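Below: the structure, in structure tokens.
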Amino acid sequence: MEINRNVVRYEFRTTDEHGNKIMDKMTKEETLKAMQDVRSQYGDEVIIEFSGDGMAALVESKKGMGSWMTREQQEDMEARNAAFQSEIKQLDGPVLNHLPEYSGIYEADKAIAAAVEHCSKEEQAFVYDIIRQNFLISNSSSMTEEERQANISLGMKKAEYAAGHFLQESSRASFLNAMEQVAKLASAGKVGNDGKMDYGISKGKYLGHGSGLVRTTDTVDMMRTMDPEAYEEYKSIDSSKDGGVASLKYMLNWHNNAVKKRPSMVSAYEKQSEEYIEKNVKGRTLDTTFDGIKTESKEAFLESLRAFQKNRPDFLSSLISKEIVGKFWN
């Protein structure tokens, strides 16, 4: 069953001297005020979504709230914070590639997530890297369109290997069907002048994981799509003055008023992606460049990939070389 919920996503647009996004510090009062504003307009059912940095900052800001908490509540909060910080320390660098990568096609994303939820982190990383590195690449300036399509073909062979070697038999068919949908979405993508890819639909925003994955509506992207004028005004708000409270309030007020004026706005927003998929994705035929790659074993896969590279040494040479020496295969 598909469930849509109101999601408040708190974004930070301040950057450091290197151009990296950073979060402005929020005082205890600003944090409480922001949350009260959310609850006053949406009630207790609203979901507030923060980045990892945002969560860490909120943990820090709550240290000063102990004056109105019982000793038991303080100890419970400190224990949870310690566990949270311990988990953060383990998520460094390459380990993060086991985290999900979604396409925006909810049914496909959920089928993939459900198929790998009991797999090892290494196996999950293998599957999600197919989506990141073979399917929905962010920039294709380093390859021709023929190579981009062939890269998708290679991804499908890797998906075939995954289905045959570490997924439960009951989920193999649905997994391969879902991966094919994502591959077709990737195949239909358009390359911009700067090499950046446009895949026609916004990436899904989800709650939960695995078979419990639930899709939510991305309020900011809906504003960008359905009300560009309001979105430009939202972007112009200077978050450095109040830690982003004003932009958060603007987004909440916009959503509240827009839905009242146009109750069908959410369904109209989501229908755009559905129509794009129906028109441009479902009927596509995938590239077959790597159909000859064998998937019976790791050794067979690597042997046939090396044979391909030997026959076509200048075709996707960098990507194939990286694949051959990849940790998963060796």
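Note that the structure is a prediction, hence the values are computed from the model and not measured. For reference, positions follow the sequence shown, starting with 1.
Among all heavy-atom pairs drawn from A268 and M226, the shortest one is CB-CE, 4.0 Å. In plain terms, the two heavy atoms of E117 and S211 that are nearest each other are OE2-OG, 3.1 Å. Residues E123 and C119 come closest through the heavy atom pair OE1-CB, 3.3 Å. Of all non-hydrogen atoms in F175 and V127, the two that sit nearest each other are CE1-CG1, 3.8 Å. Of all heavy-atom pairs spanning A159 and L176, the tightest one is O-CD2, 3.7 Å. Residues I237 and Y250 share a closest heavy-atom pair of CD1-CB, 3.6 Å.
M179 CE to N177 CG: the interatomic distance, rounded to the nearest 0.5 Å, is 11.5 Å. For the atom pair CE (M197) and CZ (F135), the distance works out to 13.5 Å, reported to the nearest 0.5 Å. Expressed to the nearest 0.5 Å, how far CD of E233 lies from CG of D227 amounts to 9.5 Å. Expressed to the nearest 0.5 Å, how far CG of N151 lies from CG of D287 amounts to 10.0 Å. In this structure, CG in N134 is found 6.5 Å from CG in L319, a value given to the nearest 0.5 Å. Rounded to the nearest 0.5 Å, atoms CD1 (I320) and CG (L305) are 5.5 Å apart.
Contact of the N280 side chain with the Y199 side chain is not registered, since no non-hydrogen atoms from C-beta on lie closer than 4.5 Å. Taking 4.5 Å as the limit, every side-chain heavy atom of R132 sits out of range of all side-chain heavy atoms of I137. The shortest distance between side-chain heavy atoms of L302 and N330 falls below 4.5 Å. L136 has its side chain within reach of S103: a pair of non-hydrogen atoms, C-beta onward, lies under 4.5 Å apart. Two residues are said to be in side-chain contact when any heavy atoms from C-beta on lie closer than 4.5 Å; H255 and M222 meet this criterion. You'll find the side chain of F315 reaches within 4.5 Å of the side chain of E147, heavy atoms only. Put simply, the side chain of L207 does not reach to within 4.5 Å of the side chain of L213, judged on heavy atoms. Two residues are said to be in side-chain contact when any heavy atoms from C-beta on lie closer than 4.5 Å; I277 and E274 fail this criterion.
Here Y234 and W254 keep their ring centres 6.0 angstrom or further from each other.
Side chain of E101 to main chain of Y128: no donor-acceptor pair is present (N/O by atom type, distance under 3.5 Å, no hydrogens or angles). N253 places a side-chain N or O within donor-acceptor distance of the main-chain N or O of K249, the cut-off being under 3.5 Å. Counting only distance, with no hydrogens or angles, the side chain of D129 and the backbone of Q133 share no donor-acceptor pair below 3.5 Å. For Y206 (side chain) and D109 (main-chain N/O), no donor-acceptor pair under 3.5 Å exists by modelled atom type. A donor-acceptor pair under 3.5 Å is formed between the side chain of S171 and the backbone N or O of Q168. Remark: side-chain polar atoms of S140 are not paired, donor with acceptor, to backbone N or O of M143 under 3.5 angstrom.
Side-chain N/O atoms of Q272 and T225 include no donor and acceptor closer than 3.5 Å. Using modelled atom types and a 3.5 Å distance limit, the side chains of S187 and Q149 yield a donor-acceptor pair.
K205 forms no cation-pi arrangement with Y102, by the criterion of a distance under 6.0 Å to the ring centre and an angle within 45° of the ring axis.
Remark: E232 CD is packed, more than 12 non-hydrogen atoms of other residues, nucleotides or ligands lying under 6.0 Å away. For NE2 of H165, the number of neighbouring non-hydrogen atoms (other residues, nucleotides, ligands) closer than 6.0 Å is greater than 12. Crowding of K196 atom NZ: a count of heavy atoms from other residues, nucleotides or ligands under 6.0 Å not exceeding 12.
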Assess the residue pair F308 and L154 against the criterion (side chain to side chain contact (heavy atoms under 4.5 Å, CB included)); give the C-alpha distance rounded to whole Å, side-chain angles, the decisive distance to 0.1 Å, and a yes or no.
CA-CA 11 Å; F308 179 95; L154 177 59; over 6 Å; no

Run L316 and F290 through side chain to side chain contact (heavy atoms under 4.5 Å, CB included) and show every step you take.
CA-CA 12 Å; L316 283 177; F290 286 95; 4.1 Å; yes

Worked verdict on R312 versus E146 for salt bridge (charged side-chain N to carboxylate O under 4.0 Å, His left out)
CA-CA 13 Å; R312 301 184 66 176; E146 180 187 7; 3.7 Å; yes

Carefully, step by step, assess Q309 and S321 under the rule side chain to side chain donor-acceptor pair (under 3.5 Å).
CA-CA 8 Å; Q309 187 179 45; S321 295; 2.9 Å; yes

Given the rule in the side chain to side chain contact (heavy atoms under 4.5 Å, CB included) test, do K294 and K157 qualify, once you have shown the distances and angles that lead to the verdict?
CA-CA 8 Å; K294 298 177 181 179; K157 295 305 291 186; over 6 Å; no

Before you tell me yes or no, could you show the steps for E296 and F301 under side chain to side chain contact (heavy atoms under 4.5 Å, CB included), namely the whole-Å CA-CA distance, both residues' side-chain angles and the distance that decides it to 0.1 Å?
CA-CA 7 Å; E296 305 93 86; F301 189 98; over 6 Å; no

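The pair K158-E323 meets the salt-bridge criterion, since a charged nitrogen lies less than 4.0 angstrom from a carboxylate oxygen. For R148 and E145, the salt-bridge test passes: some basic side-chain N is under 4.0 Å from an acidic carboxylate O. Between E303 and R306 there is no salt bridge, since none of the side-chain N atoms of the basic residue sits less than 4.0 Å from a carboxylate O of the acidic one.
Relative ring orientation between F126 and Y161 is described as perpendicular, the plane-to-plane angle rising above 60° on a 0-90° scale split at 30° and 60°.
Here the options are D221, T219, T217, D218, the test is side chain to side chain donor-acceptor pair (under 3.5 Å), and the partner is Y269; only D221 passes.
Residues satisfying the side-chain hydrogen bond (donor to acceptor under 3.5 Å, both in side chains) criterion with K282, sequence neighbours excluded, are E278.
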